[in-house]
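As C-alpha cells, the structure follows; a few thoughts come after it.
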Amino acid sequence: MVFVNPQRLVAVVLILAAFLALAASRAFPFLDDIPGVIETAIVLLGVVCALAGAYLWLRKSPDSKA
C-alpha cells in the first residue's frame, strides 16, 4: 500500500484551489458584475492558498530525518 503524506495532500489541494481562484479572477466574464473588493478578495485568497500550499509542500515532515 502506498502511503501518502497528509501535508503533501493538503498542499496539492491548496495549490489547486489557488490556481482555480486566480484563473477565476481572470477568466470568467461574469466577474465584471461584482465589485472590485470581492475580486481583490478572490485574488488574495488565491495567493494565500498558494503560499500555504508551497509552505506545506516544502516543510519537512516530523518523521523525516534531517
Least distance between heavy atoms, A11 atom then G53 atom = CB-O, 3.3 Å

Which distance, rounded to the nearest 0.5 Å, do you find between the CD1 of I15 and the CG of L51?
-> 10.0 Å

If you measure from SG on C49 to CG on L44, what distance do you get to the nearest 0.5 Å?
-> 11.0 Å

Report whether L58 and V12 are members of the same hydrophobic cluster (ILVMFWY, side-chain heavy atoms less than 4.5 Å apart, transitive linking).
-> yes

Could you list the residues that satisfy side chain to side chain contact (heavy atoms under 4.5 Å, CB included) with I38, not counting sequence neighbours?
-> I34, P35, I42

Can R59 and L56 be said to form a side-chain contact (heavy atoms from CB on, under 4.5 Å), step by step?
-> CA-CA 5 Å; R59 187 174 80 166; L56 285 174; 4.1 Å; yes

Which atom pair, heavy atoms only, marks the closest approach of A18 to G46?
-> CB-O, 3.1 Å

Euclidean distance, T40 OG1 relative to L45 CG, rounded to 0.5 Å = 12.5 Å

When every non-hydrogen atom of A52 is compared with those of L14, the smallest separation belongs to CB-CD1, 3.8 Å

